[in-house]
Amino acid sequence: RLTSIGERPGPVKCYLCHESRVKQLVTDPSCPCVFLTASEDGTVRQFDIRESHSCSRGCSNVVVDRTCSNAQMPMVRCLALSPDSTYLAIGERMVPIS
């Protein structure tokens, strides 16, 4: 859900593409109107708030789809985008650093 905190606070757009919980959202450093989401459904999706979008099966906004892998739980828990938006890193497990 995209929410405004400006002069008129409240919901602006609601994106319902993911089939499970979204674990992380990052904005594109080179284009602030674009953001990516990582979800427990195993996908990373890209949205552009300047464009209209209607969620449906087979959305064209899927950047990474881990559901086709042999992983038992294909969820994507975290993601990072390089400063020049060239590289996208995804993580599927939380590993403690000791």
Side-chain angles (χ1 to χ4, degrees):
R1 188 177 308 236
L2 183 64
T3 303
S4 172
I5 56 172
E7 293 178 17
R8 288 193 234 161
V12 176
K13 289 186 179 184
C14 189
Y15 299 97
L16 304 172
C17 298
H18 285 291
E19 295 176 12
S20 191
R21 295 183 299 180
V22 171
K23 299 304 281 185
Q24 189 168 8
L25 179 145
V26 295
T27 55
D28 185 333
S30 63
C31 185
C33 294
V34 175
F35 65 94
L36 292 101
T37 54
S39 173
E40 289 180 345
D41 66 10
T43 63
V44 173
R45 295 174 183 266
Q46 179 177 323
F47 300 93
D48 187 332
I49 62 173
R50 299 168 296 186
E51 298 175 2
S52 62
H53 181 76
S54 169
C55 299
S56 63
R57 286 264 182 221
C59 281
S60 61
N61 66 345
V62 177
V63 178
V64 175
D65 187 352
R66 299 263 306 127
T67 60
C68 299
S69 72
N70 291 331
Q72 290 178 337
M73 294 173 47
M75 68 178 65
V76 181
R77 291 183 184 260
C78 56
L79 61 114
L81 195 57
S82 65
D84 63 358
S85 304
T86 305
Y87 299 101
L88 174 67
I90 64 169
E92 58 186 52
R93 292 195 184 119
M94 298 297 205
V95 179
I97 298 173
S98 47

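Model, not experiment: these values are computed from the prediction. We number each residue from 1, following the sequence as shown.
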(message) My understanding is that a hydrophobic cluster links ILVMFWY residues whose side chain heavy atoms are under 4.5 Å apart, including indirect links. Using that, what else belongs to the cluster containing Val34?
(response)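 Grouped by the 4.5 Å side-chain rule, Val34 forms a cluster of one, so the answer is none.
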(request) List the atom of Pro29, the atom of Ser82, and the distance in Å for their closest heavy-atom pair. (result)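 Taking every non-hydrogen atom into account, CG-O, 3.7 Å.
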(request) Heavy atoms only: give me the nearest Leu79-Gln24 pair and the separation to one decimal. (result)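 Leu79 and Gln24 have their closest heavy atoms at N-OE1, 3.0 Å.
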(message) Give me each pair satisfying salt bridge (Lys or Arg N to Asp or Glu O under 4.0 Å) with a member in residues 79-91, each pair once, sequence neighbours excluded.
(response) none
Please answer: with hydrophobic residues joined when any side-chain heavy atoms are less than 4.5 Å apart, are [X] and [Y] in the same cluster?
X: Ile49; Y: Leu25; answer: yes
X: Met75; Y: Val64; answer: no
X: Val76; Y: Val26; answer: yes
X: Leu81; Y: Ile90; answer: yes

(message) Nearest 0.5 Å, please: how far is SG in Cys31 from CZ in Arg50?
(response) 4.0 Å
(request) Find the distance between CD (Gln46) and OG1 (Thr37) and round it off to the nearest 0.5 Å. (result)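 Spacing of CD (Gln46) from OG1 (Thr37) equals 9.5 Å.
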(message) Tell me every residue that passes salt bridge (Lys or Arg N to Asp or Glu O under 4.0 Å) with Asp28, counting only those two or more places apart in sequence or in another chain.
(response)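 Expected list: none.
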(message) Under a 3.5 Å distance rule, please check whether Ser39 uses its side chain to pair with a backbone N or O of Arg21 as donor and acceptor.
(response)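 Yes, the answer is positive, given that a donor and an acceptor are paired below the 3.5 Å cut-off.
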